> 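Have a look at this one before I ask anything.
Here is the naming used below: chain letters follow the sequence lines, and residue numbers restart at 1 for every chain. On a predicted model such as this, the values are computed, not experimentally measured, just so you know. Any value given below was found using the heavy atoms of this structure, including those in side chains, with hydrogens, waters and symmetry copies removed.
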Amino acid sequence: MQERYDYQQIETKWQKQWAERDMFKLKQEGDKPKYYCLEMFPYPSGNLHMGHVRVYSIGDVIARFKTMEGFNVLHPMGWDAFGLPAENAAIKHNVPPADWTWSNIANMRRQLQTMGISYDWDREVATCHPDYYKWTQWLFLQLYKSGLAYKKKAHVNWCPSCATVLANEQVVDGLCERCDSQVEKKALAQWFFRITDYAQRLLDDLNKLPGWPDKVKTMQENWIGRSEGVEADFPLVEQKGDFDKITVYTTRQDTIFGVTYLVLAPEHPLVETLVSGNPNEGNLRNFIKKVLSQSEIDRTATDAEKEGIFTGHYCINPLTGEKVAIWLANYVLFDYGTGAVMGVPAHDQRDFEFATKYNIPMKVVIQPEGVDNLVVEEMDRAFEEEGQLVNSGEFDGLVNTKALNVIADKIETEGKGKRKVNYRLRDWLISRQRYWGAPIPIVYCEKCGEVPVPDEQLPVMLPTDVKFSPSGESPLTTRPDFHECTCPQCGGQGRRETDTMDTFVCSSWYFLRYCSPKDNEFAVRKEDTDYWMNVDQYIGGVEHAILHLMYARFFTKVLYDLKIVSVEEPFENLLTQGMVLMGGSKMSKSKGNTVSPEEIIAKYGADTARLFILFAAPPERDLEWSDRGVEGAHRFLHRVWRLLQTYGDQFANVPNLIIDSPELQDLSGDDRELVRISHYSVKKVGEDIGQRFNFNTAVSTIMEMVNALYQYKDKVSLDQQNLPLVKDALARLVLILAPFAPHICEELWQELGGGDSVYKQAWPGFDEKSLVRDEVEVVVQINGKVREKLQLPNGLDGETLKAKALENNRVQELIAGKNVVKVITVPNKLINIVVK
RNA sequence: GCCGGAGUGGCGGAAUUGGUAGACGCAAGGGACUUAAAAUCCCUCGGUCCGCAAGACCGUGCCGGUUCGAGUCCGGCCUCCGGCACCA
């Protein structure tokens, strides 16, 4: 055995051997249960960062543990390889995006390999590979044929800096998620996926995901934003062109008797008719122009000034028959509800502010119970709580929460409107005016219109020998050899769609492709997904809580409906890991607070890097990087190494490795404790990895085990030591440390004479009897305060405990002269004597 | 504003079902070994009182409650983080 722990030599050696032996190549053995362990695949930026090290270390612990537990484990890796950085690099360094991407992939693959992660590299996929995007395009066509993909002209989010449109989900506080530029609104014809058709199922099925963090489910719930209300028709006093009414959406139909005005979004189709020829046309047009020129962020900020203008027109309140003034205002959004809103200033704070500003009358229709009557003149804010209806005709006296239903009934039976569920979720805008993405497989033909590319012509290949203009404009639009084509339907001249797909489309189904990554007949082969899906454990950053995780759920549901897969939800269990911080903030190049994984691995080895990152914090919490902590982890591995080294020669005549159920009767106290700790550690580490995902406490348990082994070694002279038990303990130690620090454990397993790879070994069992202590420490409390500790035999009953405590000298002193009111006992734990 | 989550030593964190708060690690201080250093090993390490010890009291963001017993449960607040937000 070597003196020194030479991590470099050991890690290189085992990485090479694992590769040569195809150790992690999946063998689908029928008699074993399956386990699909998946970490979110990375964007190939070129270099691994610490966040990657964290996710992939977590995933690898689970994968290796499950393998040892006897599962067929699918643990694949691939690349989310389309996207804008490749184009930016192309412009900056004049390299084609494909070359840039493939060389980044090669580098990151190499880096992952130095981490010693147990991937089956034969299943690697890259979304930018034609064999992959061919099927992304095919799936697009399935959606298209089901009516779930459509093109429409809409006011869409435009990022001027990325020179492309964005989905709603990619706009954060009015800024582009990628580059933080202010997003503009542009009217453009764009491709959408009809995710809103699935809004209710996406919401309902969150209940089928007990293995997801509540936090993520709540975020999706908020994003879907379901609300129940009524669409009510307000007839116009005079018909205007095709319009004879305005439909408003409200969730507060109980306040409909309190309507004193009505507001249209400036984009509402009725607006033009109301404005043209209006005596106040000039002012109205100026107002509309002003609002439309406001940026999204200015217009939707909560504290934005509410502004409006009266149109001079009126409509009729369907329940009261009263005339209602029609206004235009900046605070009404056109793309939510009907783009028209009723104004109830007495019972809606926003309406209250608007009405106060423009001197619009108010009408109280809900009175708080048991309080002095609300008087409009005295109100300084809207009354939005529960109360009884007043000034509401036949509904007076009803509690407003009840009136919601009753009034909705009335509106429906009288044909004045209908109940309506609305969602905040919008359709998913998937077109991108970019080059480096999967081309949308559609051809435009003068004669036939929009024509889908036939399956046999897929993939629509992305040309790779491209030149970029500094403006960043997609080369697809300027290359006739790409966009000029024949119409697949009539053979006439066609023009190819030059938009590509949002990269989130590519990542919405990669977990299915891993099940049959090389299949060239199907996007996903059903028998394979039937076996492997769902993903048993999915691991990734919480930043994808809405975007990727909702899109992937949507895709899975669509494919389920198309009978392409048999599962409705893709991810059974989700673990969202926290960020890696340095100095309290996220590591980033611009802040200059990064630590390079490659350097850390070179300096301390992959096992150390992995062990530290798993030990430093529980996985879902943010982790503060600490160079000292890394050294601590490194020290620990040295300690393990030395421990085995001291026994190296002693084991020559000890044939056993693991002893399943040791004979306990004749053991000395020290031997007995050694056995107990070995078995306890196996139990605890197994639970921490398999059930709690608390890798930090698993590591601390292993550290305690090592400390105990050192204590045994120092305390018991060598000729007195029970070497078979020591060897058993060391074998257990190596096995349970193996998922965390794979290389050193493989080496130590060989040193112990374990033969075949440590990852071919079963996770050790533990013997219940061995866990039991002969003696336990029992605490004596007096009035809840710890006053004495007793060493007592295990398993004494309450009465005996009580007697033992009361006969103790110190306890007698403390309770002398007092009345013992009550004694509470918890076996093997505590005795609480209540005295007065 | 609404909805989540969190708050424990100098630091990262542990305490799994209401039962010994501070496991494990980092840092710090002291010591051993060494010509010296590195490495390693040993001891101390929440606060106050006290020369030390014994011991007592205080201590898990704040205030109150339930309980024999609360970091853990309940009510009210404060702070931080995350999500949503003029969504009618």
> Between A:Arg692 and B:A15, does any side-chain N or O lie under 4.0 Å from OP1 or OP2?
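So the side chain of A:Arg692 is within the cut-off, an N or O lying under 4.0 Å from OP1 or OP2 of B:A15.
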> Output the single nucleotide from B:C86, B:A27, B:G69 whose closest atom is nearest the side chain of A:Asn832.
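Out of B:C86, B:A27, B:G69, the nucleotide with an atom closest to A:Asn832's side chain is B:G69.
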> Once you apply a heavy-atom cut-off of 4.0 Å, does A:Glu687 come out as touching a base, just sugar-phosphate, or nothing?
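Touches nothing.
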> Ignoring the backbone of A:Arg426, work out which of B:A23, B:C87, B:U16 is nearest its side chain.
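Nearest to the side-chain atoms of A:Arg426, counting from C-beta on, is B:C87.
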> Taking only the side-chain heavy atoms of A:Arg621 (C-beta and beyond), determine which of B:G19, B:C41, B:G13 contains the nearest atom.
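For A:Arg621, the side-chain atoms sit closest to B:G13.
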> From B:G55, B:C84, B:U20, pick the nucleotide closest to the side chain of A:Glu777?
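Of B:G55, B:C84, B:U20, B:U20 is nearest to the side chain of A:Glu777.
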> Is there a side-chain polar atom (N or O) of A:Lys586 under 4.0 Å from OP1 or OP2 of B:G82?
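Negative; the distance criterion is not met.
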> Work out how far the C1' atom of B:G12 is from that of B:G18, and round it to whole angstrom.
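Going atom to atom, C1' in each nucleotide, I get 27 Å.
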> Describe, in one word, how the ring planes of A:Tyr358 and A:Phe354 are oriented to each other, choosing from parallel (under 30°), tilted (30 to 60°) and perpendicular (over 60°).
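A:Tyr358 vs A:Phe354 ring planes: tilted.
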> Starting the side chain at C-beta, find the nucleotide from B:A23, B:C68, B:G4 nearest to A:Lys822.
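So the nucleotide nearest the side chain must be B:C68.
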> Can you confirm whether or not the ring centre of A:Tyr7 sits under 6.0 Å from the ring centre of A:His634?
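Ring centres of A:His634 and A:Tyr7 closer than 6.0 Å.
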> Report the base-pairing partner of B:C2 (Watson-Crick or G-U wobble, both distances below 3.5 angstrom), or none.
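Per the H-bond distance test, B:G83.
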> Is any side-chain N or O of A:Arg787 closer than 4.0 Å to OP1 or OP2 of B:U20?
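Result: no.
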> Starting the side chain at C-beta, find the nucleotide from B:U20, B:G25, B:A88 nearest to A:Ser227.
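Of the options given, the side chain of A:Ser227 lies nearest B:A88.
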> Considering only B:C86, B:G19, B:C41, which nucleotide approaches the side chain of A:Val826 most closely?
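Selected nucleotide: B:G19.
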> For the side chain of A:Asp348 and the backbone of A:Ala382, is there at least one donor-acceptor N/O pair under 3.5 Å apart?
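Not at all, since once roles are kept as given, no pair shorter than 3.5 Å links the two residues.
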> Would you check if A:Glu775 and A:Leu792 make a side-chain contact, meaning some heavy-atom pair closer than 4.5 Å?
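Side-chain contact under 4.5 Å: no.
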> Tell me which of A:Arg252 and A:Leu623 sits closer to the 5' end of RNA chain B, going by the nucleotide each one is nearest to.
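By nearest-heavy-atom nucleotide position, the 5'-most residue is A:Leu623.
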> Across all strands shown, which nucleotide pairs with B:A54 by Watson-Crick or G-U wobble geometry, both distances under 3.5 Å?
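Across all strands, not a single nucleotide pairs with B:A54.
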> Looking at every strand, decide which applies to A:Asp348 at a 4.0 Å heavy-atom threshold: base, sugar-phosphate, or nothing.
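The answer is nothing, as A:Asp348 stays clear of every strand by at least 4.0 Å.
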> Please determine, for the side chain of A:Gln781, which listed nucleotide (B:G83, B:C41, B:U20) has the closest atom?
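Shortest atom-to-atom distance from the side chain points to B:U20.
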> Give the ring-plane orientation class for A:His347 versus A:Phe383, where under 30° counts as parallel, over 60° as perpendicular and anything between as tilted.
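Aromatic pair A:His347/A:Phe383 classed perpendicular.
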> Distance between the C1' atoms of B:G13 and B:A21, in whole angstroms?
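Their C1' atoms lie roughly 13 Å apart.
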> Could you check whether A:Gly225 gets within reach of a base, just the sugar-phosphate, or nothing at all, counting any heavy atom under 4.0 Å?
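Counting heavy atoms under 4.0 Å across all strands, no contact is made by A:Gly225.
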> Return the 5'-most residue of the pair A:His638, A:Asn696 with respect to RNA chain B, ranking by each residue's nearest nucleotide.
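The residue whose closest nucleotide sits nearer the 5' end is A:Asn696.
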> I want to check one thing: is the phosphate of B:A39, taken as OP1 and OP2, less than 4.0 Å away from some side-chain N or O of A:Arg635?
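It does not, given that no N or O in the side chain of A:Arg635 lies less than 4.0 Å from OP1 or OP2 of B:A39.
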> What nucleotide among B:C24, B:G19, B:A14 has an atom nearest to a side-chain atom of A:Ile824?
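The listed nucleotide nearest to A:Ile824's side chain is B:G19.
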> Return yes if some donor-acceptor pair links the side-chain N/O of A:Asn330 with the main-chain N/O of A:Lys306 below 3.5 Å, else return no.
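Side chain of A:Asn330 to backbone of A:Lys306: no pair is present.
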> Under 4.0 Å between a side-chain N/O of A:Tyr336 and OP1 or OP2 of B:A88, yes or no?
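For B:A88, OP1 or OP2 has a side-chain N or O of A:Tyr336 closer than 4.0 Å.
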> For B:G10 and B:C3, measure between their C1' atoms and round to the nearest Å.
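Pairwise C1' distance, B:G10 against B:C3, rounds to 36 Å.
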> Less than 4.5 Å apart, any side-chain heavy atom of A:Asn157 and any of A:Lys185?
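A:Asn157 reaches A:Lys185 side chain to side chain.
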> Classify A:Val834 by what it touches in the nucleic acid, base, sugar-phosphate, or nothing, heavy-atom distance under 4.0 Å.
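Result for A:Val834 = sugar-phosphate.
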> Checking base pairs now: Watson-Crick or wobble, both atom distances under 3.5 Å. What partners B:G64?
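For B:G64, the partner nucleotide comes out as B:C74, under the 3.5 Å rule.
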> Of all the choices, B:G13, B:A15, B:G4, which nucleotide is nearest to the side chain of A:Thr697 once you look at every atom?
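Of the options given, the side chain of A:Thr697 lies nearest B:A15.
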> Under a 3.5 Å cut-off for both distances, is B:C41 Watson-Crick or wobble paired, and to whom?
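Here B:C41 is engaged in a pair, and the nucleotide opposite it is B:G31.
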> Using a 4.0 Å heavy-atom cut-off across all strands, classify A:Glu305 as base, sugar-phosphate, or nothing.
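Answer is base: heavy atoms of A:Glu305 come under 4.0 Å of a base.
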> Have a look at A:Lys789 and say if it touches a base, only the backbone sugar-phosphate, or nothing, with a 4.0 Å heavy-atom cut-off.
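Answer is base: heavy atoms of A:Lys789 come under 4.0 Å of a base.
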> On a whole-Å scale, what distance lies between the C1' atoms belonging to B:G4 and B:C58?
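Their C1' atoms lie roughly 34 Å apart.
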> Would you measure the distance from the P atom in B:G25 across to the matching atom in B:A15 and give it in whole Å?
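About 16 Å, rounded to a whole number of Å.
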> Paired with B:U20 by Watson-Crick or G-U wobble geometry, both distances under 3.5 Å: which nucleotide is it?
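Pair assignment: B:U20 / none.
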